[in-house]
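The block underneath contains the structure these notes are about, expressed in structure tokens.
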Protein chains: 4
Amino acid sequence: MARRYDPERRTRIIDAALRVIAADGIAGLSHRTVAAEADVPLGSTTYHFGSLDELLTAALRRSNENFARALRDSEAFAAQPAECAARPAGGGPGVEDGAGAGGGPGALLADQLTQVLEEWFAGDRGAIELEYELYLAALRRPVLRPVAAEWAESAVETLSTRTDPATARALVALLEGVCLQVLLTGSAFDADYTREMLARVVDGRA
Amino acid sequence: MARRYDPERRTRIIDAALRVIAADGIAGLSHRTVAAEADVPLGSTTYHFGSLDELLTAALRRSNENFARALRDSEAFAAQPAECAARPAGGGPGVEDGAGAGGGPGALLADQLTQVLEEWFAGDRGAIELEYELYLAALRRPVLRPVAAEWAESAVETLSTRTDPATARALVALLEGVCLQVLLTGSAFDADYTREMLARVVDGRA
Amino acid sequence: MARRYDPERRTRIIDAALRVIAADGIAGLSHRTVAAEADVPLGSTTYHFGSLDELLTAALRRSNENFARALRDSEAFAAQPAECAARPAGGGPGVEDGAGAGGGPGALLADQLTQVLEEWFAGDRGAIELEYELYLAALRRPVLRPVAAEWAESAVETLSTRTDPATARALVALLEGVCLQVLLTGSAFDADYTREMLARVVDGRA
Amino acid sequence: MARRYDPERRTRIIDAALRVIAADGIAGLSHRTVAAEADVPLGSTTYHFGSLDELLTAALRRSNENFARALRDSEAFAAQPAECAARPAGGGPGVEDGAGAGGGPGALLADQLTQVLEEWFAGDRGAIELEYELYLAALRRPVLRPVAAEWAESAVETLSTRTDPATARALVALLEGVCLQVLLTGSAFDADYTREMLARVVDGRA
DNA sequence: AATGAATGAGCATTCATTCAT
DNA sequence: TATGAATGAATGCTCATTCAT
């Protein structure tokens, strides 16, 4: 096996880990499974990642990056309030100032966030589960907490461009709670309800 | 070993499972560890629970019961339903004497819920982690979802005695999101912020 | 592989362990090597011995028993002083009161012990190394110390039938020191010197 | 990492090896552990020492030097050679003022040796175990035997300045046997008994 | 009905060594 | 000359499960 000099190997192992976790969960992640998925020798995974926790940490970090990029690229969220207001009526379906929420000033943001979630749930369900599973793993793995905290921080920061930080934090918490209920109980995502509740949080600002 | 006729064995095994999970997480749960913790022969655990999933389901159900009882017994929450009932239907803005939140009608409920959480976080951290770990396990274990759904349902029902069902559901989601942030990122529980955001959800009712 | 119901399996594993250690040293002892040597499945060794230390302890104990039996069966040592004295001159070669040692009263015991060592060194060298290696392993493995202490105790007791306990202990120490020098430096066993020094210890009694 | 031209590296690696062995035993010695302890690249250890046996040999040699220096520096033993030299050749029973042993001529030497041991056991127990473990390793590693033999030889030579060579050899054997019993069985060092038995060996000279 | 001996698969991890630089 | 990336073998150990009793 002449595979020396593979500078991307570390990266490929992380990607393989994400695929393994997506398929079988963190419980299915082992040096062996990830080595097989990445098509590298077993020793290579232990060489690059001294422990599974280390690999898990790297995987969570990558997952965060993936999500951040996805959010940044999301059309629904990218829209700026000013532009929106300026947009002529008859525009896109979701952004027209209060589809459901009573028309308070928070309607636009609430609507956009709801749309992001809608897109997210409409896409590959495995991807959401993957990201949540990694994120939730921090509950029992203290080494993951700093990375989980980074993620939460970054989500709050992103929303802070549209509202005050405390409200942003609450929006993230509510979104997470809503997602969790959908994912854990197998119930359907209810866009109207979500939009309404997000709007309450935004509009409740003193 | 003359332990025949032990009608409580099933129960003792479940309790042992909860202790094992509290100590080492679900990953540490095995027929062996639970048998040792319950001081029961190895074969006994496989006899009473055909698979670990079965045991896990029973454990989650018990955990839910424990939490429900704790909530029912909580002084903070058990409070003023009587007053509420006594209040004239369709009356004014409700209970205005909320401690903390600016005086919106949701102040009292928000305050009580915040207090419940405060008590919860002040107590044994292991207990919270245990309950959350079991609940979150439903993400990857479909067999647990019905039980997780039961739990969510029951929480919503409990809150529905104080507000409308949709708002109750959102309160549960927000509470879960807040708890998750505390547990996953290791940050401190912020009572004022929690109270304020809960109140926004309650008071936002159309 | 239908090998259920093998009540002697534990014993066979210990015997196999002794053979493995004799051949490759404690460093060569592993669950795998011992399983192969005993012709049992790998899992069988870990089932019967929860850890290698446990297996090692059992092996040292067995080794001690083997040695004790060998000593008991040794003709050289079995001879009783009274009988010896009563025996007509021209008897066996080594027991005649002071072959080398100056004729002090300790000559007989010293001579017999020397003969035991001589027999021992003349036999299978691997057996001695095996026993010493197991015994010396207690230096770094506290769990072995009680067993090593048992062995030392038993050796002292055996010699105490022929002299006072303190002297017996010193004889054992001297014998061990002499053996060690032979085994560690590769030098030859010097019977005359050994006899002489043992006699000094015995005869030095106040 | 600009650590070229490091003439002391070999030495530092050996010192690190001694620390590793002191901490985790020979079983804990590996190229990796010693490289980490010496703060040296992994490749450096395999470069300077072709095999672990080579490193082990060097470590045993250094350990011997350390012990020899310690013995030389010991006040207890460094004692009265002058008096000895001053004593008329072929004189009477030697140094009779032995502290403890009944006054035989060997009393002084026995007393001094006992004191050396007492000091040794009073000091860092890890150091003794380290030295013994390395020394005893020769049992199973023929390459170490010459070095172990050097050590024994040197100890005998040192004692030979105070008594005849055969007696010196026996004293070393007895001392080793006594130490071994203490180290292997975890029993306490008994100075009176040791002094008495050493004296018997010295005084037994024909 | 209940148990514990038995087993093969799998695990994380450590390792000596090789080799291209 | 010196190094660290790389790798295949081996380690101790845990496990769910089977099955004869």
Side-chain angles (χ1 to χ4, degrees), chain A residues 1-7 9-10 13 27-36 40-55, chain B residues 1-7 9 24 27-36 40-55, chain C residues 1-7 9-10 27-36 40-56, chain D residues 1-6 9 24 27-36 40-53 55:
Chain A
M1 185 164 294
R3 193 87 58 73
R4 304 296 194 82
Y5 308 127
D6 182 350
R9 179 159 292 188
R10 218 188 119 90
I13 290 174
L29 184 73
S30 77
H31 282 130
R32 277 160 182 74
T33 53
V34 80
V40 298
L42 170 59
S44 190
T45 66
T46 64
Y47 175 74
H48 286 286
F49 300 92
S51 72
L52 276 189
D53 267 0
E54 225 172 277
L55 176 53
Chain B
M1 186 164 294
R3 193 85 58 68
R4 305 293 202 81
Y5 310 123
D6 183 350
R9 179 160 293 190
D24 299 320
L29 184 73
S30 75
H31 283 130
R32 275 162 181 72
T33 52
V34 81
V40 146
L42 169 58
S44 190
T45 64
T46 63
Y47 179 76
H48 287 285
F49 299 91
S51 72
L52 282 184
D53 267 359
E54 221 171 283
L55 176 54
Chain C
M1 186 163 292
R3 194 85 60 72
R4 303 297 195 82
Y5 308 128
D6 183 349
R9 180 160 291 189
R10 218 188 120 91
L29 183 74
S30 78
H31 282 130
R32 278 161 181 76
T33 52
V34 80
V40 298
L42 170 58
S44 191
T45 66
T46 63
Y47 175 75
H48 286 286
F49 300 92
S51 72
L52 276 190
D53 267 1
E54 223 172 278
L55 176 53
L56 221 43
Chain D
M1 185 162 297
R3 193 85 57 69
R4 305 293 202 83
Y5 311 125
D6 183 349
R9 180 162 290 192
D24 299 320
L29 185 73
S30 75
H31 283 130
R32 275 162 179 72
T33 52
V34 79
V40 145
L42 169 59
S44 190
T45 65
T46 64
Y47 179 75
H48 287 286
F49 299 92
S51 73
L52 282 184
D53 267 359
L55 176 54

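- Across B/H48 and B/E54, no two heavy atoms sit closer than the pair O-OE2, 4.0 Å.
- Distance A/D53 CG to E/dT13 P: 8 Å, rounded to the nearest Å.
- Toward the 5′ end of DNA chain F lies the nearest nucleotide of A/G43, the other residue of the pair A/G43 and B/T33 mapping further downstream.
- At the heavy-atom level, A/T46 lies under 4.0 Å from base atoms of the strands shown.
- C/H48 has its NE2 atom 11 Å from the C1' atom of E/dT7, to the nearest Å.
- With the 3.5 Å cutoff on both pairing distances, Watson-Crick and G-U pairs in DNA chain F assemble into runs of at least 3 at E:2-21 with F:2-21.
- Among the nucleotides E/dT17, F/dA6, F/dA16, the one closest to the side chain of A/Y47 is F/dA6.
- Between the CZ atom of D/F49 and the C1' atom of F/dA2 there is a distance of 15 Å, given to the nearest Å.
- Spacing between atom CD of B/E54 and atom C1' of F/dA16 amounts to 14 Å, rounded to whole angstrom units.
- For C/P41, the side-chain atoms get nearest to E/dG8 when compared with the rest of E/dG8, E/dA12, F/dC15.
- Considering only residues two or more places apart in sequence or on other chains, C/T46 meets the side chain to side chain contact (heavy atoms under 4.5 Å, CB included) condition with C/H31.
- Taking only side-chain atoms of D/H31, from C-beta outward, the nucleotide of E/dT13, E/dT17, E/dC15 with the closest atom is E/dT17.
- Here the shortest heavy-atom pairing between A/F49 and A/I13 reads CE1-CG2, 3.7 Å.
- At F/dG12, one or more side-chain N or O atoms of C/S30 fall inside 4.0 Å of OP1 or OP2 (strictly under the cut-off).
- With sequence neighbours excluded, the residues forming a side chain to side chain contact (heavy atoms under 4.5 Å, CB included) with B/A35 are B/T45, listed by chain and number.
- With hydrogens and angles ignored, a donor-acceptor pair under 3.5 angstrom links the side chain of D/R32 to the base of E/dA16.
- Nearest approach of D/R9 to D/V40, heavy atoms of both residues: NE-CG2, 3.8 Å.
- Rounded to whole Å, the distance from CG on D/L42 to C1' on F/dG4 is 7 Å.
- Nearest to the side-chain atoms of A/S51 among the listed nucleotides F/dG12, F/dT7, E/dT13 stands E/dT13.
- Contact annotation for C/L55: no contact, since no heavy-atom pair falls under 4.0 Å across all strands.
- Proximity note for A/L52 (side chain, C-beta onward) versus E/dA16, E/dA12, E/dT3: the nearest is E/dA12.
- Residues that satisfy the side chain to side chain contact (heavy atoms under 4.5 Å, CB included) test with B/D24, not counting sequence neighbours, are absent from this structure.
- Listed pair A/S44 / F/dT7 meets the phosphate criterion, a side-chain N or O lying under 4.0 Å from OP1 or OP2.
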